[in-house]
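A, B, ... follow the sequence lines: proteins, then strands. Residue 1 opens every chain.
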Protein chains: 2
Amino acid sequence: MLEGVEFTEGTEREDFVGFKVRPKIIVYPKDENDVVKVVNYARETKTPIVVWGAGTSLSGHLMCEGCILLDVSKYMNKILEINDIDWYARVQPGVNLEFLNKKLMEKGFFFPPDPASFFLCTVGGATANSSGGMRGVKYGTFRDWILALKVVLPNGKIVKVGEPLRKNRGGYDLVHLFVGSEGTLGIITEIWLRITPLPKRKVYTILAYMNSLEDTAETIVELRRKRILPEISEYMDVDVIKALNKHLNANLKESEGGAFIISIEDDYLTEIKEILKGREFIITEEEEAERIYSIRAQAAIALRAESKYMFVEDIVVPVSKLIEAIRKLKEIERKYRIRMPVIAHIGDGNLHPNIMLDDISLAEKIFEEVARIAIELGGSISGEHGIGFQKAKLLAEQIVSHNGEEVLRIMKGIKDLIDPYGIMNPNKYVELAYNTWEKK
Amino acid sequence: MLEGVEFTEGTEREDFVGFKVRPKIIVYPKDENDVVKVVNYARETKTPIVVWGAGTSLSGHLMCEGCILLDVSKYMNKILEINDIDWYARVQPGVNLEFLNKKLMEKGFFFPPDPASFFLCTVGGATANSSGGMRGVKYGTFRDWILALKVVLPNGKIVKVGEPLRKNRGGYDLVHLFVGSEGTLGIITEIWLRITPLPKRKVYTILAYMNSLEDTAETIVELRRKRILPEISEYMDVDVIKALNKHLNANLKESEGGAFIISIEDDYLTEIKEILKGREFIITEEEEAERIYSIRAQAAIALRAESKYMFVEDIVVPVSKLIEAIRKLKEIERKYRIRMPVIAHIGDGNLHPNIMLDDISLAEKIFEEVARIAIELGGSISGEHGIGFQKAKLLAEQIVSHNGEEVLRIMKGIKDLIDPYGIMNPNKYVELAYNTWEKK
């Protein structure tokens, strides 16, 4: 059945945060026809399929035991077209995001969403996860930039969802159903990404040393009140700065209140200076701005070296609730006497408290308490990392408390409608959330 | 069952383009609890429900015979909240879009999508239809600006889909399923709209008299090649100009090649002047720019007065195929010896050829031929007007030829999953497309 498809016996892999992937076999499809063969084989042998791009997922999306691991990074990694009239790029799922952006920039374009793993991750993985990034505050996440997808469905049929058009009212919007579906509905084999011209305006990046995380949150609220929309607005606390200095020679000031990084178009410069008055800050451009951006992108990597176990949280709260969320995070730190360094896309209320532990036994409890801060404050347990295996139970809690049980039932109904065989990354995400809730 | 719900015996209504709405009763719910009562009544009596906002739909979305017409315009028409920290507006479905934008502007915000009916339509209707508008070329359509919805489902349950957050990975994206669902999945009772600060930059609106529609299409391609993203870029042909002068005293030059309206930020001005060289054009700001914008918005109304029957088309083609599409439209005009004046959001490839007929017998044939131009050229039969009753057969053609039959089956499956009772605006849109295709 797998005739002509390259494969090897499965050997164990580990994703970026250490979740184990233990496949029965690993397949390396050369094209969508190979993918169809694999899907048919999976369906007929009732074997789960998990897709591997670069393994940078953070919430156990790829965890499996005895699955077929479909690795798109080996062959299905090409840019198929960059259309400079219709303003889209058509790519295979295994293409590296940074590589794509380099090619786009040569032509005067860029693709805005920029997960911190942009130099490692694949476009397919980031699409399946609807990833975000630093530019999210202005440009949104992957879901805002995908026009169409080619997908091999669990029944082995090849379909396209959406059209490579900015405007299209051709039926229910299935594109957004597949973006962020974490490999549970089908296998993405081609992606049409909306691209946009490189900004014409001069952009400054300001590195400010703040009084505290609360002080930064208050500054964000002030920016909102003044109707200022930055290009990026990031925060790293002092522990993050120390780790960056130690492991990456970042050469940042180890200021107790942490660092606020904000990029803005030139005509906001006067206002920003006024807002930041009283704090130490430097205004940078070009290479130095790039360096700061790149340091920030590697913050989680530096931090990881600091602790035996690290659990990366990814909660979102409404910006108006940032200060309250931060206070609750501090309470958890005190209660458990742990370090929980914060990296944050603070401008859109997306906080990454990193739970650092020597003793893993407390992990789940703390992890859940942090996530529940978001649920309580009307936020979300995930802004960009997704649900995978790790957050399924919390997803059920969030949906039932914010949206209604019926929403969980509809989501499960959609999973069953499209994957009645239960072969696509099963027992995770929506399905696991539903099953956990049903058992209660 | 309808205890406490205000209703009247049904009297016939007509939508904007003349489709008949012949309800059994018209209900005027005061809140979502009233909506639940109506839905339960509809389900138990197996009566279809159609929602009425302002009746500006263009493709027979509202057509019905013996239905319950649920009119949200009488009571459910409030702005519930404008949140200037979290940057959203929360509204009821019956609120007028222009009224909302006036209130937003007072606070320094705006909501970008601007269907030409903005001064008439309701936010609920435009959400259910995922409407577009002139600002679509830069800002996209309704689907890009809806954060969350409250919905009464066909089973009578009240749910929320999505969260009022810029980033949220809380399960499959159901928001985009309901946006553009044309009343076939549930009844929207509250909408969280993303809002954004009023642009800080100076914007100029240029009115240029072009050599022809093809000339304008070539100019659009040149803009794309030069990586220029305008705020709006519209076209009206000479017949449209004449109708505007006649019925609305527009005072435009009746130039044979038609008029191109382009708004751009100030730093593109030099480039635009260069691109438009050789054509007559005027550069406007503020009141005069507003006047031109408003004239353009009323173009379809002026045109309607010119003919006994008018069918408003709404095709999209890739920008790279604009010139080819225009040539094919001209062939149809010649073949049937008809006038088909063109209004276009030309910058995003969205053309509105208006089929003007004294003899209605040819209508369907011509309408379908025009739509098939879009299908052939890899475009869409609708960019912003939606499918309703009128375009269901064409929707089936588009999906089967571009996306695959299986996509139509999944869409129908979603309809059956959420509305197994078949009471929500039945026998239109996806359901009708599927049924038409199945019968073949």
Is the closest side-chain heavy-atom distance between [X] and [Y] below 4.5 Å?
{"X": "B:V407", "Y": "A:V161", "result": "yes"}
{"X": "B:K200", "Y": "A:E271", "result": "yes"}
{"X": "B:L174", "Y": "A:I414", "result": "yes"}

Contact class of [X] relative to chain B, heavy atoms under 4.5 angstrom:
{"X": "A:Y429", "result": "side chain"}
{"X": "A:I410", "result": "both"}
{"X": "A:L229", "result": "both"}
{"X": "A:K415", "result": "both"}

Portion of [X] that has a non-hydrogen atom of chain A nearer than 4.5 angstrom:
{"X": "B:T141", "answer": "side chain"}
{"X": "B:L417", "answer": "side chain"}
{"X": "B:N129", "answer": "both"}

Sidechain N-carboxylate O distance under 4.0 Å for [X], [Y]:
{"X": "A:K160", "Y": "B:E406", "answer": "no"}
{"X": "B:E182", "Y": "A:R169", "answer": "yes"}
{"X": "A:D348", "Y": "B:K167", "answer": "yes"}
{"X": "A:D84", "Y": "B:K226", "answer": "no"}
{"X": "A:R201", "Y": "B:D267", "answer": "yes"}

Residues in side chain to side chain contact (heavy atoms under 4.5 Å, CB included) contact with A:P199, at least two apart in sequence or another chain: A:F110, A:Y139
